[in-house]
Amino acid sequence: MKTILHTAVLVGGALNAAGAAPAAQAAPAPAPSPAAPSPGERAGAPNVVWILLDDVGFGASSAFGGLIETPNLEALAAQGLRYTNFHTTAISSPTRAALLTGRNHHSVGLGLFPETANDQPGYNGRIPPNKGTVAEVLRSAGYSTIAVGKWHLAPVAEASAAGPFTGWPTGKGFERYFGFLYGETDQWAPQLVEDTHVADLELHGRHLNEILTDRAIRYVANAKTLRPDQPFFLYYAPGATHAPHQVAPEWISHYKGRFDAGWDDYRERTFARQRQLGVVPAQARLPPRNPRVPAWDTLGADQKKLYARYFEAYAGFLSYTDAEIGRLVDFLKRSGQFDNTVFAIVVGDNGASKEGTDAGTISGLGSLLAPAPGIAEELARIDEIGSKTTSPNYPLGWAQATNTPYRQWKQDANAEGGTRNPLILVAPGLRERGGVREQFGHVIDLLPTTLELAQVPAPKVIAGVEQAPFEGVSLAASVADRRAPSPHRVQYFEINGTRAIYADGWKASTLHEPGTPFERDRWELYDLGRDPTELEDLAAREPARLAELKALFDSEARKYQVYPLKDTLFTDFASRHSVFGARRTIELLPGIDPLFSSTAPNVATGAFEIVAEVVIPERGAQGVLLANGGRFGGGSLYVQGGRLHYAQTNGRAVSTVSSEPLAAGPNRLRMVFRTLARDKAQVQLFAGERRIGEGTVPLTFGLAYFSYDESFDVGRDLQTAVTPAYAPPFAFDGRLDKVTVRYPQ
């Protein structure tokens, strides 16, 4: 590879007057797509590895001053450069869409999640073909393209074994994919796909990080063995450290007692380390504790013990993830690939997560469905925190601590704590190793930067579609020169109505309260060059500058499809995007692949019935007829002990309704579910037309349970069991002909 270029260029388009790339214009007549270079033509070209971690705050990793040991990230940073003024969008799918396309998240339809998609161009959840991904770009340049890990970009209604697969990784330029399609999954019993089919369930029982790293190594080994002259692109995106924070006990015990001094102590010690490392500006000041976070010293002894354990589990999870990154890097070194590889490691797709509630949770999304547990209940299971029997997320105080020194957290697109994440760049030909870079950057810059470092021209046409310009700019000039000016001068931020605009070191921002009028939002103004941790609001002192920046936000928002603003993230997330559409009767055949809960029939709320047509032999039969979700939120209709049962769990308690004994022979088993009140529903069990069981089950917010990261299964329960009455997969061992879900007309 030639020496890295000394000047940055904007790949794919010129800067406009505001310092941003012009909006994409559809081509009237696409030119024919040029043939991709043969592998031999790319001989000697550098490989590219992108690593994207999840829910890691700026101050978590030891590579950026945090108290959690990440020696492999430190080693990569020592080989390359630390970027300390790099930004994400503040939440998962939008960051991933922006990163992979080099365009703003609304510009590619991911203003929020695929699960919240609507018909608005900025929120439709579909990356358009004229804004190709990095995989499509590099594949057209002769690269082998591989992705492992979290995707979270596929349209929900297309997430089934029947496809279409255009929004899956293999439909967006990746030749091989192994991972999970949506926002989170159990680390010990993950819901995995390979390319476009369900992955082997025998993988359960191994940690997801290990599985993903093994697959990444296998795919790269295959590519370099069979086509040694062809460079590869690897996108490695583990679920870590998004909840659930699950990891083997030895990683948790490594941190036993090390955070007993609490989150205030963590912030102070981390900030001192950050100043010593030079990864925060010299003029930075540590903000006061957020009013929502209590002082550690005011907590009771039991709270301190419990909250420290939550963070020990998180720290172990991050350190283990770092070890798996190290295993991947070791393979690349041993196979002779490391020295000719461009690495970009984004340490978090947003700031640290606030989703663990003020007190932490042991049961994941089940915390939405049950009253907050008392300290005594949580302490009784303290040794399970981080194990496969819990789905933990830490309390809010640790989110603030791991975002040190910045304010606020994930989802808050107005604050640096939501959007500022570390970036590590490593590339062949670097003149400086271990340096720090303070130029402003954004995830949309990584694609043009990578192309310049790898000396790959941006294609004008991909698959016959003329490509829109990138909206990010190359940061390559800063790679060669730490004094190079920041090429990225203007950037808007917006998530769920909370918004900000950055321009040449100044920032205007507003934290929107969902459900309130946007026009009433109060805007703040910060001089980030002088006040990088946003402590001094200058809005009243400089109203003219604030008005100018607000007008600039409006201009950028119109350009990139942000309007009309949308603040319905949580209500939209709970809505249905079923692949079955508006069907009132859904017939499910045994043997179908697991369905993703978000796109499966709704069997958790309202009124419905489930009918299973079975034959029970004289010896009897047992097993699951239909299950949705698992131990942290789910429902299951199953036969056991000669009786029909319906069980559901909110992640903390299991409710079960059982029947009279079943007769051998053909049976039409039926469950009728009807909401009685806000807090309970009636369940009736039938054999034919004869009622054989009845009871009530609890509801919260109209839901029997909330299942997100586990599958909807016919004839079995594949991941974790809804009830401890059986062990997965508990496949039905009689004859199951069909399961039908019906809704009232």
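The basis for the numbers below is simple: all heavy atoms, side chains too, and nothing from hydrogens, waters or symmetry mates.
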Practice item. Kindly say whether Gly316 contributes a backbone atom to a donor-acceptor pair with the side chain of Ser319 at under 3.5 angstrom? Key: no
Review point. Just by distance, with hydrogens left out, do Ser353 and Tyr394 show a side-chain donor and acceptor under 3.5 Å apart?
Key: no
Check your understanding: Does one side chain, of Tyr406 or Thr419, offer a donor that lies under 3.5 Å from an acceptor on the other?
Key -> no
Practice item. Carefully, step by step, assess Arg285 and Asp531 under the rule salt bridge (charged side-chain N to carboxylate O under 4.0 Å, His left out). Key: CA-CA 8 Å; Arg285 294 170 291 160; Asp531 178 24; 3.6 Å; yes
Exercise for review: List the steps and the verdict of ring-ring contact (aromatic ring centres under 6.0 Å, His included) for His442 and Phe493.
Suggested key: CA-CA 10 Å; His442 189 270; Phe493 298 87; 5.7 Å; yes
Practice item. Without swapping roles, check the side chain of Thr510 against the backbone of Arg522 for a donor-acceptor pair under 3.5 Å. Key: yes
Practice item. Using distance alone, with no hydrogens and no angle criterion, decide if Thr390 and Gln246 have a side-chain donor and acceptor under 3.5 Å apart. Key: no
Exercise for review: Determine whether Glu536 and Arg530 make a side-chain contact, defined as any pair of heavy atoms from C-beta on separated by less than 4.5 Å.
Suggested key: yes
**Study point:** Pair Tyr314-Phe317, ring-ring contact (aromatic ring centres under 6.0 Å, His included): steps then yes or no
**Key:** CA-CA 5 Å; Tyr314 175 80; Phe317 192 20; 7.3 Å; no
Check your understanding: Parallel, tilted or perpendicular: which fits the ring planes of His207 and Tyr320, with parallel below 30° and perpendicular above 60°?
Key -> perpendicular
**Study point:** With Asp265 via salt bridge (charged side-chain N to carboxylate O under 4.0 Å, His left out) - residues at least two apart
**Key:** Arg269
Review point. Do Tyr492 and His106 have their ring centres less than 6.0 Å from each other?
Key: yes
Check your understanding: Between the main-chain N or O of Leu73 and the side-chain N or O of Thr70, is there a donor-acceptor pair closer than 3.5 Å?
Key -> no
Point to revise | Spatial distance of atom CD (Gln187) from atom CG (Leu208) [nearest 0.5 Å] | key: 5.0 Å
**Study point:** From CZ (Arg381) to OG (Ser387), nearest 0.5 Å
**Key:** 7.5 Å
Check your understanding: How far apart are the C-alpha atoms of Glu432 and Arg437, what are their side-chain angles, what is the distance that settles it, and do they pass the salt bridge (charged side-chain N to carboxylate O under 4.0 Å, His left out) test?
Key -> CA-CA 11 Å; Glu432 180 185 0; Arg437 297 292 185 266; 2.7 Å; yes
Check your understanding: After noting the C-alpha distance and the side-chain angles of Arg407 and Glu416, does the key distance pass the salt bridge (charged side-chain N to carboxylate O under 4.0 Å, His left out) rule?
Key -> CA-CA 6 Å; Arg407 293 191 303 118; Glu416 296 294 288; over 6 Å; no
Point to revise | Least distance between heavy atoms, Asn72 atom then Ala323 atom | key: ND2-CA, 3.7 Å
Check your understanding: So, for Arg309 and Asp383, which heavy atoms are closest and what is the spacing to 0.1 Å?
Key -> NH2-O, 3.1 Å
Check your understanding: Without hydrogens or angle criteria, can the side chains of Ser478 and Tyr83 be said to hold a donor-acceptor pair below 3.5 Å?
Key -> yes
Point to revise | Minimal non-hydrogen separation, Ala413 against Ala500, with atom names | key: O-CB, 3.7 Å
Review point. Cut-off 3.5 Å, side chains only: do Arg499 and Asn414 have a donor facing an acceptor?
Key: no
Practice item. Look at atom CZ of Arg433 and say whether more than 12 heavy atoms of other residues, nucleotides or ligands are closer to it than 6.0 Å. Key: yes
Exercise for review: Answer yes or no: are there more than 12 heavy-atom neighbours, outside Lys304 itself, under 6.0 Å from its atom NZ?
Suggested key: yes
Review point. Are His87 and Tyr502 close enough that a side-chain donor and a side-chain acceptor fall under 3.5 Å?
Key: no
Point to revise | Side-chain touch Phe180/Asp709, heavy atoms, less than 4.5 angstrom | key: no
**Study point:** Between His152 and Glu184: side-chain donor-acceptor atoms closer than 3.5 Å
**Key:** no
Check your understanding: Hey, which of Asn496, Asp567, Thr498 is the one that makes side-chain hydrogen bond (donor to acceptor under 3.5 Å, both in side chains) with His512?
Key -> Asp567
Practice item. Drop me the distance from Phe311's CZ to Asp260's CG, to the nearest 0.5 angstrom. Key: 12.5 Å
Check your understanding: Does Ser62 reach the main-chain N or O of Glu69 with its side chain, forming a donor-acceptor pair under 3.5 Å?
Key -> no
Check your understanding: So, Tyr310 and Glu378: side-chain donor and acceptor under 3.5 Å apart, yes or no?
Key -> yes
Review point. Does a side chain donor of either Asn104 or Gln491 reach within less than 3.5 Å of an acceptor in the other side chain?
Key: yes
Review point. Can you tell me how far CZ of Arg420 sits from CG of Asn403, rounded to the nearest 0.5 angstrom?
Key: 11.5 Å
Review point. Is any side-chain N of the basic residue among Lys388 and Asp186 closer than 4.0 Å to the acidic one's carboxylate O?
Key: no
Review point. Are the side chain of Glu494 and the backbone N or O of Val562 linked by a donor-acceptor pair below 3.5 Å?
Key: no
Review point. Any luck finding a side-chain donor-acceptor pair between Tyr526 and Glu524 under 3.5 Å?
Key: yes
Study note, to complete from the structure: In this structure, CD of Glu542 is separated from CG of Asp527 (nearest 0.5 Å) by 8.0 Å
Practice item. Find out whether Thr723 and Gln648 are in side-chain contact, i.e. whether some heavy atom of one side chain is under 4.5 Å from a heavy atom of the other. Key: no
Review point. With distance as the sole criterion, is a donor-acceptor pair present between the side chains of Thr88 and Asn421 under 3.5 Å?
Key: yes
Review point. Distance only, no hydrogens: is a donor on one side chain within 3.5 Å (strictly under) of an acceptor on the other, for Asn393 and Thr361?
Key: no
Check your understanding: Is it the case that Ser363 and Ser391 place a side-chain donor and acceptor less than 3.5 Å from each other?
Key -> no
Point to revise | N/O donor-acceptor pair under 3.5 Å between Asp264 side chain and Trp296 backbone | key: yes
Check your understanding: Is the number of heavy atoms from other residues, nucleotides or ligands within 6.0 Å of CD (Gln283) greater than 12?
Key -> yes
Practice item. For Lys507 and Leu525, indicate whether the former's side chain and the latter's backbone hold a donor-acceptor pair under 3.5 Å. Key: no
Review point. Phe58 and Gln274: side chain to side chain contact (heavy atoms under 4.5 Å, CB included), yes or no, with the steps?
Key: CA-CA 10 Å; Phe58 189 92; Gln274 289 172 331; 3.7 Å; yes
**Study point:** Thr270 side chain vs Arg267 backbone, donor-acceptor pair below 3.5 Å
**Key:** no
**Study point:** Cationic N near anionic O, under 4.0 Å, Arg631 to Glu710
**Key:** no
Practice item. Starting at CG of Asn290, measure out to CH2 of Trp409 and round the result to the nearest 0.5 Å. Key: 3.5 Å
Exercise for review: May I ask you to check whether Arg96 and Ser92 show a side-chain donor-acceptor distance below 3.5 Å?
Suggested key: yes
Review point. Using a distance-only test with no angle check, is there a side-chain donor-acceptor pair under 3.5 angstrom linking Gln408 and Gln400?
Key: no
Check your understanding: Would you say the ring centroid of Tyr182 lies under 6.0 angstrom from that of Tyr708?
Key -> no
Point to revise | Short side-chain to backbone donor-acceptor contact, His245 and Thr241, under 3.5 Å | key: yes
Check your understanding: Looking at side-chain heavy atoms only, is the closest gap between Leu446 and Val346 below 4.5 Å?
Key -> yes
**Study point:** Under 3.5 Å: donor-acceptor pair, side chain of Asp358, backbone of Leu396
**Key:** no
Exercise for review: Could you check Arg327 against Glu210 for salt bridge (charged side-chain N to carboxylate O under 4.0 Å, His left out), going step by step and ending with a plain yes or no?
Suggested key: CA-CA 9 Å; Arg327 189 159 69 90; Glu210 178 188 10; 5.3 Å; no
